[in-house]
Structures are given as C-alpha cells and as structure tokens.
J.: 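Could you have a look at this structure, given as structure tokens, before my questions?
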Number of protein chains: 2
Amino acid sequence: MKLNILGCYSATPRTFTNPTAQVLEINNHHFLIDCGEGTQVQLRRHKIKFNRIKHVFISHLHGDHCFGLVGLISTMRLLTREADLHIYAPKGLKQVITLQMKLANSWTDYQLVFHELTSTESELIFEDDKVEVYTIPLDHRVYTNGFLFKEKEGERKLDMNAVLNADIDVAYYRKLKQGFDVLNNTGEIIKNETVTSAPEKPKSYAFCSDTAYKEDIVPLITGVDVLYHESTFLEQHAQLAPKTKHSTAKEAAKIASKAHVGKLILGHYSTRYDDLNVFKTEANAYFENVELADDGKVFEF
Amino acid sequence: MKLNILGCYSATPRTFTNPTAQVLEINNHHFLIDCGEGTQVQLRRHKIKFNRIKHVFISHLHGDHCFGLVGLISTMRLLTREADLHIYAPKGLKQVITLQMKLANSWTDYQLVFHELTSTESELIFEDDKVEVYTIPLDHRVYTNGFLFKEKEGERKLDMNAVLNADIDVAYYRKLKQGFDVLNNTGEIIKNETVTSAPEKPKSYAFCSDTAYKEDIVPLITGVDVLYHESTFLEQHAQLAPKTKHSTAKEAAKIASKAHVGKLILGHYSTRYDDLNVFKTEANAYFENVELADDGKVFEF
C-alpha cells in the first residue's frame with residue numbers, strides 16, 4: 001500500500017498548501033479520497049495518471065473536500081477517457097455535477113457511476129476479489145463518512161522446494177494456495193501446511209476526516225495498520241473543536257490508542273498554526289507512532 | 001486602469017499554467033473577470049485582497065471560466081466578509097452555487113447578488129458615476145458574453161491660475177468642472193474653456209473570450225484602448241477553430257484591426273503550443289500593437 005497525500009490542510013486556501021485529497025494505491029487500484037479544489041493539478045504535480053483513477057471516495061460536501069471533482073471529471077473528458085468512473089459520495093453531489101455538465105453542455109463520453117451514500121451505519125460500498133471498502137460514519141456539521149480500506153486475506157504461499165520434494169502435480173498448486181490438502185503423484189495425502197506458508201497479513205487503512213471526537217468509530221477501525229485522523233486543532237483551542245465538529249491532536253491520538261492502530265497520521269491542520277511539530281508532540285503523549293501528513297508526502301506500508 | 005492576468009490558458013490544467021481569470025482595476029473597482037479553478041490561490045499569489053472584489057463577471061459556464069467561483073465564495077465566508085458580492089453570469093450559475101451551499105450547509109453571511117444574463121443583444125449590466133459595463137455577445141458552444149468596461153467622460157480640469165485670475169468664487173468650481181460658463185465676483189461672464197481644460201480621454205477595455213471569429217462585435221468594441229481577444233489556435237490548426245468555436249491569432253488580429261483598437265492582448269492559448277511568440281508573430285501580420293497575456297502579467301494603461 002502506498003498513500004500519496006496531495007493535500008492535507010483545512011479550508012482556507014494558501015499558495016503553498018492544498019485542501020484534502022489523497023490517493024491510496026492498494027492492490028493495483030488508485031483510490032482517490034476526497035478532492036478539494038486544485039486536486040487535478042496536484043495529481044499532475046505528483047505524476048499520478050488520471051486514467052489510473054477509477055474510484056473516487058468523497059467524505060462530505062464541504063468545498064475543501066469536493067470542489068475539485070467537477071474539474072477533474074471535465075479534464076478526464078477532454079483527455080477522451082473511456083473507462084467508467086465510480087464516485088462514492090453523499091447524496092447531492094450527483095445532482096450538482098449533473099447540473100454543471102448540463103449548463104456547460106459538456107456530457108462525458110465515459111460513464112459516471114454515482115454511488116450515493118445516505119446510511120448512518122457502516123456499510124460495504126466496494127468489493128472485489130482482493131479489497132473491501134467500508135464507510136466509517138463520522139460526526140461533522142454535515143453528513144460525513146470516513147472510509148476503511150481492507151485487503152482481503154491473500155492466498156497461501158507455496159514452498160517450492162517442499163512442493164517439488166512432495167512430488168505434487170502442478171494441477172494441484174491452485175488448491176494448495178487455497179489451503180487444501182492434496183494427493184501427490186504416488187497417491188499420498190500431503191498436508192497443506194507442510195508445503196505452504198501463511199499469506200502476508202492483509203493490510204488496512206482508515207481515513208477519518210472531518211469529525212469531532214467520536215469513540216463509536218473505535219470498533220470499526222481497531223487494529224488497522226494506518227489511521228489518518230483529522231486534527232484541525234491543538235488542545236490550546238480545544239473549545240473550538242466541538243463547536244466546529246473537528247478534533248484536536250490529543251483526541252486523534254486517543255482514538256488511535258483505543259483502536260490499537262499501527263500508525264497514526266495527522267492532518268487537516270487549521271492554517272492558524274505555523275509549526276506542525278506541536279501536533280506530533282501533543283499526540284505523542286497519548287500514542288507513540290505518530291506521523292504528520294504534508295502535501296506531497298508519500299507513506300508506504 | 002490596471003489589468004492583472006491571473007490565468008490565460010485554455011482548459012487542460014498544468015502545474016505551471018492557470019485557466020482564465022483576470023482582475024481589472026478601474027476607478028477604484030476591482031472587477032474579477034472569469035474565475036477558473038484555482039483563482040482564489042492566484043489572487044493570494046498576486047496579493048489581491050479578496051474584499052476588494054465586489055463584482056464578478058463570468059463569460060460562460062465552461063469549467064475553465066467558472067469552477068473557481070464557489071471556492072472563492074466559500075473562502076469569503078470563512079473570512080467573515082460582510083459586503084455584498086455581485087455576480088454577472090449566464091443563467092444557471094445561481095442554481096449551481098445555491099445548491100452547493102445548501103448541500104454544504106454553508107450559507108454566506110454576506111449577500112450574493114446574482115445578475116443572470118440571458119440576452120443575445122449587448123446590454124448595460126453595471127453603471128455607477130464613473131464606469132459602465134456592457135455585455136459583448138460572443139459565438140461559442142454555450143451562451144457566452146464578453147464584457148466591455150468603459151470609463152465615463154470625466155470632469156473638466158480647472159486651470160487654477162486662470163480661475164484665480166478671473167476672480168471666480170469657489171462656489172462655482174463645481175459648475176466649471178461640469179463645463180458651464182459662470183459669473184465672476186464682478187459680474188462678468190467667464191467662458192468655461194478659458195479657465196478649464198478637457199478631461200482625460202476615458203479609457204476602455206474589452207474582454208472577448210471564448211469565441212469563434214465574429215465580426216458582429218466590431219461596432220461594439222471600435223476604438224477601445226485595449227482588447228483582450230482569445231486566440232486558442234494558430235492558423236496551422238485553423239480547421240479546429242470553427243469546430244470548437246474558438247479563434248486563431250490571425251482572426252483575433254483581424255478583429256483588432258477592423259475595430260481600430262489601441263492594443264490587442266492575446267490569450268486562452270491551447271496547451272499544445274510550447275512557443276507563444278508564434279501567436280504574436282502571426283497576429284502582427286494583421287495588427288501591429290500586439291501583446292501576449294501570461295499568468296501573473298500586469299498591463300497598465
């Protein structure tokens with residue numbers, strides 16, 4: 001898995017920071033998560049090809065998380081895209097984008113497939129043979145979801161020396177990878193675990209922005225390898241957090257600690273703070289493995 | 001008058017160019033003309049204060065001319081703007097922006113005043129005591145207007161030596177500036193032109209983008225000091241111009257020549273061209289005073 005942070009600052013625009021957008025590379029997918037204004041330029045800057053993106057996940061309909069999407073859709077049209085584009089977003093975005101395309105008389109030649117989200121319970125919204133994506137209902141000023149990206153359990157790995165020694169026909173390799181015991185060429189039963197090893201532990205990533213402190217999400221994200229959790233504020237402005245339905249670095253760290261995640265990445269910083277290291281220091285008092293998101297930063301895990 | 005080019009390239013986004021947006025400073029106004037994605041960041045970059053902008057003119061509803069507006073409106077809200085914002089745009093933009101604000105539950109505290117344009121004839125859309133703005137109906141794939149910004153004739157200038165010598169009471173100065181003859185302190189009629197001089201010639205600027213070659217606009221823009229006319233293509237791609245309803249540099253120059261404008265500024269270049277100087281060379285064969293727009297360039301006239 002590779003997480004490309006295209007933008008990780010809160011709404012007020014500056015010449016040197018970008019609103020929320022990320023690309024998660026996972027099992028050959030390039031999932032775009034949120035799409036603030038300027039995301040298409042950030043994709044260009046970080047050399048992520050537009051046609052690699054087939055699925056877009058929008059957390060909520062505040063502008064700093066979605067105003068860049070219609071421009072990206074329009075550019076994909078100019079680039080004569082043919083592949084479908086799936087958009088998972090709160091109900092309403094389809095209406096806006098359809099209206100904008102109608103007014104511009106610029107319908108896409110490719111298919112826009114909107115998956116409109118309305119549930120306040122976590123739900124499975126994407127699945128293929130290797131990956132699942134679930135919503136994480138959050139607590140913000142408008143209807144908002146985080147997203148949980150989970151690899152499925154992979155196939156067992158063949159120990160080729162053991163397989164050859166056991167004299168197993170190649171026709172049974174597929175069954176071995178699926179965990180079955182098989183017969184060898186001399187009719188002997190070969191126990192699966194003697195010739196295979198366990199698959200790599202499936203990885204998982206949880207994206208939680210924007211949200212007030214919400215302990216309800218802990219069961220959903222327990223044990224994820226990486227949690228991105230917003231930390232708009234520091235504790236010195238803790239009184240603003242519930243009012244604006246955002247979190248502090250301390251609160252993000254408390255969630256990370258309760259959910260026993262592998263790593264916490266902080267982001268969605270208010271532009272009032274010049275020194276981001278204070279976010280890490282504040283969070284470190286409650287959780288050890290903390291990293292700071294920054295525009296253009298890439299995390300591999 | 002001062003014209004700040006914030007972006008002057010056609011739709012396909014790049015990391016080093018911007019879609020159309022300009023700020024025209026004229027008689028204490030800061031008129032924003034078109035507002036492609038990223039305009040708010042370009043305003044920051046070029047240190048133009050958001051609260052100086054009270055009037056926005058949108059030529060048409062293609063994304064590279066208007067997708068930045070909702071973000072700018074949202075940021076003005078975050079900055080606790082109180083002044084009205086007037087938006088002159090084709091019918092439809094009000095509906096889009098209202099829907100976006102509704103979905104984000106983010107109504108502005110200041111007043112958004114939409115002036116929806118539908119006429120296919122030139123019309124006066126803004127007027128105060130010093131400036132008038134007219135639409136220039138253009139020929140593009142969707143309903144499109146250029147804009148003509150005209151200073152009104154100013155007041156005559158007092159020749160203070162002559163005024164004092166003529167023994168005119170200060171109470172008559174206003175009348176003198178308005179061009180009237182007046183009585184002096186000894187009851188003598190003083191001819192206006194003996195104590196005043198003509199006002200400076202009012203300046204004018206015409207913005208014409210996007211459009212196919214359209215000779216009909218010539219009477220509307222005849223004699224303007226500066227004409228910005230799109231030149232998406234060079235003559236080598238002349239066959240694309242009528243198809244996409246854009247112009248070539250040659251066509252822009254022919255319009256400038258027929259309208260006897262003072263200066264022609266070219267812009268809205270297709271991103272297929274690396275060397276912009278060819279646009280100037282091509283136009284110069286038909287019109288002498290040609291300049292090339294570029295992002296961040298400022299024209300004073």
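Not measured: the values here are computed from a predicted model. Letters go in sequence order (proteins before strands), and every chain restarts at 1.
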J.: Tell me whether the rings of B:H246 and B:H140 are parallel (<30°), tilted (30 to 60°) or perpendicular (>60°).
T.: tilted
J.: Among B:Q95, B:K91, B:R141, which residue forms the greatest number of heavy-atom pairs with chain A at distances under 4.5 Å?
T.: B:Q95
J.: Hey, which of B:L93, B:L79, B:V96, B:L78 has the most heavy atom pairs under 4.5 Å with chain A?
T.: B:V96
J.: Output the residues of residues 98-106 of chain B for which the shortest heavy-atom distance to chain A is under 4.5 Å, in residue-number order; output 'none' if no such residue exists.
T.: B:L99, B:Q100, B:L103, B:A104, B:N105, B:S106
J.: Using 30° and 60° as the class limits, which term best fits the ring planes of A:H55 and A:H29: parallel, tilted or perpendicular?
T.: perpendicular
J.: Top residue by heavy-atom pair count (under 4.5 Å) with chain A, among B:G71, B:C66, B:G63?
T.: B:G71
J.: Which residues in residues 236-244 of chain B have any heavy atom lying under 4.5 Å from a heavy atom of chain A?
T.: none
J.: Indicate whether the side chain of B:E235 and that of B:T248 have a donor and an acceptor atom separated by less than 3.5 Å.
T.: yes
J.: Could you work out, with side-chain contact (heavy atoms from CB on, under 4.5 Å) as the rule, every residue matching B:E25, not counting sequence neighbours?
T.: B:K2, B:N4, B:V23, B:H30
J.: Will you find, in the side chains of B:S119 and B:E121, an N or O donor that is under 3.5 Å from an N or O acceptor?
T.: no
J.: Passes salt bridge (charged side-chain N to carboxylate O under 4.0 Å, His left out), A:D84 versus A:K54? Steps please.
T.: CA-CA 7 Å; A:D84 294 356; A:K54 303 208 166 67; over 6 Å; no
J.: Can you give me every donor-acceptor pair (side chain of residues 32-50 of chain A, partner residue at least two apart or in another chain, under 3.5 Å) with its distance?
T.:
{"unit_1": "A:D34", "atom_1": "OD1", "unit_2": "A:S59", "atom_2": "N", "d": "2.7"}
{"unit_1": "A:D34", "atom_1": "OD1", "unit_2": "A:S59", "atom_2": "OG", "d": "3.1"}
{"unit_1": "A:D34", "atom_1": "OD2", "unit_2": "A:S59", "atom_2": "OG", "d": "2.8"}
{"unit_1": "A:D34", "atom_1": "OD2", "unit_2": "A:H65", "atom_2": "ND1", "d": "2.6"}
{"unit_1": "A:E37", "atom_1": "OE1", "unit_2": "B:Q40", "atom_2": "NE2", "d": "2.9"}
{"unit_1": "A:E37", "atom_1": "OE2", "unit_2": "B:G38", "atom_2": "N", "d": "2.6"}
{"unit_1": "A:T39", "atom_1": "OG1", "unit_2": "A:G36", "atom_2": "N", "d": "3.2"}
{"unit_1": "A:T39", "atom_1": "OG1", "unit_2": "A:G36", "atom_2": "O", "d": "2.6"}
{"unit_1": "A:Q40", "atom_1": "OE1", "unit_2": "A:T75", "atom_2": "OG1", "d": "2.5"}
{"unit_1": "A:Q40", "atom_1": "NE2", "unit_2": "B:E37", "atom_2": "OE1", "d": "2.9"}
{"unit_1": "A:Q42", "atom_1": "OE1", "unit_2": "A:R45", "atom_2": "NH1", "d": "2.6"}
{"unit_1": "A:Q42", "atom_1": "NE2", "unit_2": "A:L6", "atom_2": "O", "d": "2.4"}
{"unit_1": "A:R44", "atom_1": "NH1", "unit_2": "B:P13", "atom_2": "O", "d": "2.5"}

J.: Are B:H268 and B:T232 linked by a side-chain donor-acceptor pair shorter than 3.5 Å?
T.: yes
J.: Hey, are A:D210 and A:H62 close enough side-chain-wise for a donor-acceptor pair under 3.5 Å?
T.: no
J.: Any chance the side chains of B:T17 and B:R14 put a donor and an acceptor closer than 3.5 Å?
T.: yes
J.: May I ask you to check whether A:D294 and A:Y9 show a side-chain donor-acceptor distance below 3.5 Å?
T.: yes
